[in-house]
Amino acid sequence: MRVLITGGAGFLGSHLCEALVGEGHEVVCMDNFVTGRPENIAHLLGHERFTLIKYNVCDYLHVDGTLDAVMHFASPASPQDYLELPIATLKVGAIGTHKALGLAKGKRARFFLASTSEVYGDPLVNPQDESYWGNVNPLSPRGVYDEAKRFGEAITMAYHRFHGLDTRIARIFNTFGPRMRVNDGRVVSNFIVQALKKKPLTVYGDGSQTRSFCYVDDLVRGIVSLLTTPSDSKAMDPQYLADVRFGRREGDSGNIHYPVNLGNPRETTVLEIAKLVLRITNSPSGIQYQPLPVDDPKVRRPDITRAKRVIRWEPSVDLEAGLEKATEYFRKII
Ligand code: UDP
């Protein structure tokens with residue numbers, strides 16, 4: 001396949017570029033380096049199956065040659081980033097998704113949207129499965145990311161039903177691993193860097209809020225499975241799509257075009273993560289409690305029944321092993 005990855009120099013995007021090039025595909029990486037970094041893809045430059053285009057996906061999009069897939073991964077993705085870049089976050093999720101969909105349609109390519117567990121907001125059910133509509137405050141500071149991604153899902157489904165575009169949507173839960181930015185503000189990178197620098201670990205609130213952390217290699221394997229799982233002909237049938245679009249029948253939410261949760265179902269509290277990081281890094285740091293950010297979700301855990309069924313995927317790296325690998329990475333760069 002020849003695949004365009006927007007946000008290809010970001011944390012997830014760069015791992016995805018590497019995985020697809022490694023599997024023999026040709027990758028066109030597009031990034032405007034707002035939160036992506038040249039060093040994430042430096043080792044791929046010069047590879048015959050890798051091209052880099054420095055570009056903002058919100059501008060008119062043109063890519064030479066054929067494309068078999070367009071994967072839209074561009075977006076600020078840590079709460080700190082999207083609070084600093086609220087309008088860019090809304091634009092890349094809305095306008096950027098629209099442009100990337102248009103390009104996929106023009107090239108008759110498969111489209112893949114990197115969506116998020118944030119579409120569930122501060123969930124009132126735990127774990128979250130894909131049928132849950134979420135509990136999002138559109139006016140809150142973090143609503144910019146949640147609503148941008150919710151719009152992204154809506155327009156992706158509309159392109160699927162209206163244009164018959166072959167689409168995939170992954171709802172990505174908390175992921176960690178090498179190439180997270182030292183200062184990106186997310187909990188795992190913050191804690192490891194703080195522990196290695198012998199500074200106090202900043203636990204927001206009382207640390208009882210939960211998250212479920214997936215190691216990046218597991219996640220990328222899930223993304224590639226979802227991308228490469230074929231669509232069934234019934235799901236792409238024009239009459240079926242028209243019937244669903246006009247509300248004459250329910251869509252079959254079991255088919256591959258509906259969102260799929262990707263994440264590790266092991267749920268831990270933030271305080272547990274802090275203690276685990278202290279143990280793994282053997283750090284003398286203590287814990288410093290800080291105020292909980294507005295609308296910080298209290299719980300988050302993926303139900304991955306659907307991923308197991310439709311793409312035969314589940315994570316295999318355990319949290320401790322993943323944290324050790326991430327620690328090795330941060331030790332080298334700080
Ligand atoms: N958090 C924390 N200390 C930090 C950074 C984050 O306690 O230094 C908490 C944050 O309030 C949230 C959880 O860790 O409850 C995960 O935050 P993150 O920014 O990684 O991503 P989120 O899951 O909120 O999108």
Side-chain angles (χ1 to χ4, degrees), residues 10-12 35 73 75-86 89 93 114-123 126-128 134-137 140-150 170-216 219 261-278 281 283 285-302 319 322-323 326-327 330 334:
F11 164 51
L12 286 183
T35 57
F73 276 70
S75 178
S78 92
Q80 178 183 294
D81 288 340
Y82 49 76
L83 298 189
E84 273 168 24
L85 302 163
T89 301
S115 185
T116 170
S117 55
E118 280 285 317
V119 300
Y120 301 123
D122 187 4
N126 197 38
Q128 298 80 50
N135 178 39
V136 171
N137 175 2
S140 94
R142 78 191 277 152
V144 294
Y145 183 66
D146 306 14
E147 294 298 358
K149 291 289 186 183
R150 287 167 70 97
R171 288 185 179 156
I172 299 169
F173 284 65
N174 295 65
T175 304
F176 70 99
R179 298 197 198 131
M180 292 182 93
R181 282 167 19 238
V182 167
N183 57 353
D184 103 346
R186 282 187 269 201
V187 68
V188 172
S189 42
N190 269 10
F191 284 177
I192 295 177
V193 171
Q194 289 162 345
L196 293 177
K197 289 187 168 169
K198 304 187 174 41
K199 292 193 174 145
L201 272 55
T202 52
V203 168
Y204 301 161
D206 63 4
S208 64
Q209 69 274 32
T210 68
R211 293 294 186 273
S212 306
F213 296 96
C214 188
Y215 188 65
V216 65
L219 192 92
N261 284 343
L262 293 181
N264 192 317
R266 175 168 162 194
E267 185 180 12
T268 54
T269 66
V270 165
L271 194 57
E272 278 165 354
I273 284 287
K275 289 180 179 159
L276 209 50
V277 168
L278 288 177
T281 54
S283 169
S285 295
I287 285 173
Q288 183 186 80
Y289 291 91
Q290 293 192 357
L292 190 67
V294 173
D295 286 326
D296 197 277
K298 285 177 267 314
V299 292
R300 187 186 284 154
R301 175 186 175 194
L319 183 58
L323 288 173
T327 300
F330 285 112
I334 62 170

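Hydrogens, waters and symmetry mates play no part in the numbers below; they use all other heavy atoms, side chains included. Computed from a predicted structure; not experimentally measured. Both counts, for ligands and for their atoms, begin at 1 and track the order of listing.
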(message) I'd like the contact residues of ligand 1, where contact means a heavy atom below 4.0 Å.
(response) P79, E118, R142, N174, G185, R186, V187, N190, F191, T202, V203, Y204, Q209, R211, V270, P293, D296, R300

(message) Check this for me, if you would: do E147 and R150 make a salt bridge, where the nitrogen-to-carboxylate-oxygen distance has to be below 4.0 angstrom?
(response) yes

(request) Work out which heavy atom in Y289 is nearest to a heavy atom in G205; give both atom names and the distance. (result) CD2-O, 3.2 Å

(request) Keeping to residues at least two apart or across chains, list the salt bridge (Lys or Arg N to Asp or Glu O under 4.0 Å) pairs with something in residues 285-296. (result) R142-D296, R211-D296

(request) Mind checking salt bridge (charged side-chain N to carboxylate O under 4.0 Å, His left out) for K298 and listing every partner two or more places apart, or none if nothing turns up? (result) D122

(request) Please report the closest heavy-atom contact between I172 and T175, naming both atoms and the distance. (result) CG2-OG1, 3.7 Å

(message) Filter on side chain to side chain donor-acceptor pair (under 3.5 Å), then keep only pairs touching residues 187-198, sequence neighbours left out; what's left?
(response) D184-S189, Q194-T202

